[in-house]
Participant: 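One structure follows; several queries about it will come next.
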Amino acid sequence: GTYQRQHRDLNGIRTVKVKRFRCSNCQKALPSQYPPGVHRYKWYSERVQAIFAVLHVHQVQQACQTEIANIFDYAIVPDTRDNWQDTRAVRATRQHEQELERIKSSKFEIKCGSIDEFKLGFGWAYTLTDTASQAVLGFKTNDTRAETTVRDVISEYPPKAIISDGCPMIQAGAAWWTDIPHGRCWFHVMQAMSKLAAKERDAKGVSERQRLTWRIQFLLSQTSISEAEAYLRILQGLHSPEVLEPLNSAWSQLRLHWLLGLPVTNNTSETLFNAVWARTRRRVVKVTERAEAWLAEALWRWNHHLVRGLSPWERLTGRSSGDWLQALVVPLGRIAGSTHF
């Protein structure tokens, strides 16, 4: 048979019919069949929740979300919207862990992982990203900058090698993994040297900063480590030790570019953050739980959004991602009876 219940969607409150089933032999009640977009014990449709999922992942302010709720003429209070966000974050985390276990069981190896640190509300977050596919393998958060958090995020899926900028906490955290080679980002080293080089132009209209850039590019164009170290000695005679100090201090890590074929930069992480949210926007989330829920949802979206026809996760695993928004909105445990997660 069927029973009626109230349901809210974009067109307002309406009455829907839910089909009920019972076994004709044992008379045991079976799971009910809900109309498309209708959740068990949920007043709001998938479309309404999906709209606020998009607003949350873009960090739209609560005042703007409240105005949109008023246009719908719904009493969608902030606590309700926060509960939706927590539910989506749990779904994203569970599905990500399941996928991660699947590729671990297939003995798939991550050749190089990129680690980055960024501010998250009042705390800090660290991510591990596969440089080849740009898929985020894991993230950890902490109230303070901590090397143990870096150690833990690497343990999510230890790659064969890692690359990062010169962040002291990342350097210290990666040192816990003595069997994983740790390379440095050339771009960040070049950025540090540019701040030390003179920018005044000579008679030919070229500054020391520009000449240094050209010479570093020539250094990177060398085909072997022996040629690179030979040119490095020449470079040390052309610039002062103060200007080349970032290059000299990081050379043991930079040389892995030739020895192990590591990428030149950890731009994978930088591209990730520029795509998911504006780098110039400070993560203004003031509650740790809200910040972590937002990050889990944002990184899941990044992993499964399409870039030139393929998602980062599809490039990593070879399996289709599907609709990232639908995966976050549709409950996972519908058959088991509880649809909260």
Side-chain angles (χ1 to χ4, degrees), residues 1-21 29-99 136 276-277 285 289-290 292-306 311-314 319-341:
T2 62
Y3 71 91
Q4 296 182 347
R5 57 164 286 189
Q6 297 289 316
H7 182 64
R8 293 190 176 199
D9 59 15
L10 297 178
N11 296 320
I13 301 175
R14 64 188 179 96
T15 302
V16 297
K17 290 184 178 181
V18 180
K19 293 183 179 181
R20 307 177 70 176
F21 299 92
L30 302 175
S32 300
Q33 180 180 349
Y34 293 84
V38 179
H39 290 178
R40 181 182 176 90
Y41 302 132
K42 295 283 187 179
W43 281 95
Y44 300 97
S45 68
E46 292 177 3
R47 283 181 174 271
V48 174
Q49 297 185 49
I51 288 174
F52 285 94
V54 174
L55 296 177
H56 262 121
V57 82
H58 285 288
Q59 285 192 295
V60 176
Q61 295 181 353
Q62 287 279 12
C64 180
Q65 296 184 38
T66 300
E67 289 188 19
I68 293 175
N70 292 336
I71 292 176
F72 290 154
D73 197 21
Y74 296 157
I76 309 178
V77 297
D79 286 346
T80 299
R81 299 197 294 267
D82 290 344
N83 289 336
W84 289 350
Q85 186 185 38
D86 288 337
T87 301
R88 294 193 304 268
V90 171
R91 291 174 189 160
T93 302
R94 286 189 178 183
Q95 293 182 62
H96 177 75
E97 290 175 349
Q98 292 170 1
E99 290 290 335
V136 180
V276 177
W277 61 86
V285 183
E289 291 78 7
R290 297 273 63 77
E292 291 180 348
W294 167 79
L295 184 59
E297 190 175 354
L299 295 183
W300 171 267
R301 172 186 176 171
W302 164 262
N303 276 347
H304 297 280
H305 86 294
L306 295 181
S311 68
W313 199 255
E314 190 172 357
R319 292 188 299 273
S320 176
S321 288
D323 185 354
W324 70 267
L325 184 58
Q326 194 74 3
L328 292 180
V329 175
V330 175
L332 297 180
R334 182 172 296 174
I335 297 178
S338 172
T339 59
H340 183 62
F341 295 135

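In this text, all values refer to a predicted model and were calculated from it rather than measured experimentally. The figures that follow rest on heavy atoms only: side chains count, while hydrogens, waters and symmetry mates do not.
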Participant: Check step by step if side chain to side chain contact (heavy atoms under 4.5 Å, CB included) holds for Ile51 and Arg47.
Facilitator: CA-CA 6 Å; Ile51 288 174; Arg47 283 181 174 271; 5.5 Å; no

Participant: Compare every heavy atom of Ala92 with every heavy atom of Ala296, then report the nearest pair and how far apart it is.
Facilitator: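 The answer is O-CB, 4.0 Å.
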
Participant: Quick check: do His56 and Val60 have side-chain heavy atoms less than 4.5 Å from each other?
Facilitator: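 His56 does not reach Val60 side chain to side chain.
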
Participant: Using the side-chain hydrogen bond (donor to acceptor under 3.5 Å, both in side chains) rule, pick out the option among Ser320, Ser311, Ser321 that qualifies with His304.
Facilitator: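 With His304 as partner, side-chain hydrogen bond (donor to acceptor under 3.5 Å, both in side chains) holds for just one option, Ser321.
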
Participant: Using the rule given for side chain to side chain contact (heavy atoms under 4.5 Å, CB included), can you reason through Glu297 versus Leu328, listing the C-alpha separation, both sets of side-chain angles and the distance that settles it, and then say yes or no?
Facilitator: CA-CA 8 Å; Glu297 190 175 354; Leu328 292 180; 3.6 Å; yes

Participant: Does Arg301 reach the side chain of His58, with side-chain heavy atoms less than 4.5 Å apart?
Facilitator: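 Yes, close enough: below the 4.5 Å cut-off.
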
Participant: One pair to check against side chain to side chain donor-acceptor pair (under 3.5 Å): Thr66 and Arg81. What are the steps and the verdict?
Facilitator: CA-CA 10 Å; Thr66 300; Arg81 299 197 294 267; 3.2 Å; yes

Participant: Could you give the distance from CG (Leu325) to CD (Glu46), rounded to the nearest 0.5 Å?
Facilitator: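 Going from the CG atom of Leu325 to the CD atom of Glu46 covers 9.5 Å.
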
Participant: With side chain to side chain contact (heavy atoms under 4.5 Å, CB included) as the test, pick out the partner of Trp84 among Asp86, Thr87, Thr80.
Facilitator: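 Testing each of Asp86, Thr87, Thr80 against Trp84, the sole residue satisfying side chain to side chain contact (heavy atoms under 4.5 Å, CB included) is Thr80.
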
Participant: Between His96 and Arg91, does any side-chain donor sit less than 3.5 Å from a side-chain acceptor?
Facilitator: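 On atom types as modelled, these side chains do not qualify, holding no pair under 3.5 Å.
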
Participant: Taking Asn303 for its side chain and Trp313 for its backbone only, find out whether a donor-acceptor pair lies under 3.5 Å.
Facilitator: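 Such a contact is absent between Asn303 side chain and Trp313 backbone.
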
Participant: Contact between Arg20 and Thr2 at the side-chain level, heavy atoms closer than 4.5 Å - yes or no?
Facilitator: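 Counting from C-beta outward, Arg20 and Thr2 never come under 4.5 Å.
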
Participant: Looking at CD of Gln85 and CG of Leu55, how far apart are the two atoms once the value is rounded to the nearest 0.5 Å?
Facilitator: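 Reported to 0.5 Å precision, the distance equals 11.0 Å.
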
Participant: Check step by step if salt bridge (charged side-chain N to carboxylate O under 4.0 Å, His left out) holds for Arg319 and Glu99.
Facilitator: CA-CA 10 Å; Arg319 292 188 299 273; Glu99 290 290 335; 2.8 Å; yes

Participant: Does Pro312 reach the side chain of Trp302, with side-chain heavy atoms less than 4.5 Å apart?
Facilitator: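 Result yes, sub-4.5 Å side-chain heavy-atom pair found.
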
Participant: Just do the side chain to side chain contact (heavy atoms under 4.5 Å, CB included) check on Ile76 and Val48 with the steps written out, would you?
Facilitator: CA-CA 10 Å; Ile76 309 178; Val48 174; 4.0 Å; yes

Participant: Measure the CZ-CZ distance between Phe52 and Phe72 for me, rounded to the nearest 0.5 Å.
Facilitator: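 These two atoms lie 6.0 Å from each other.
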
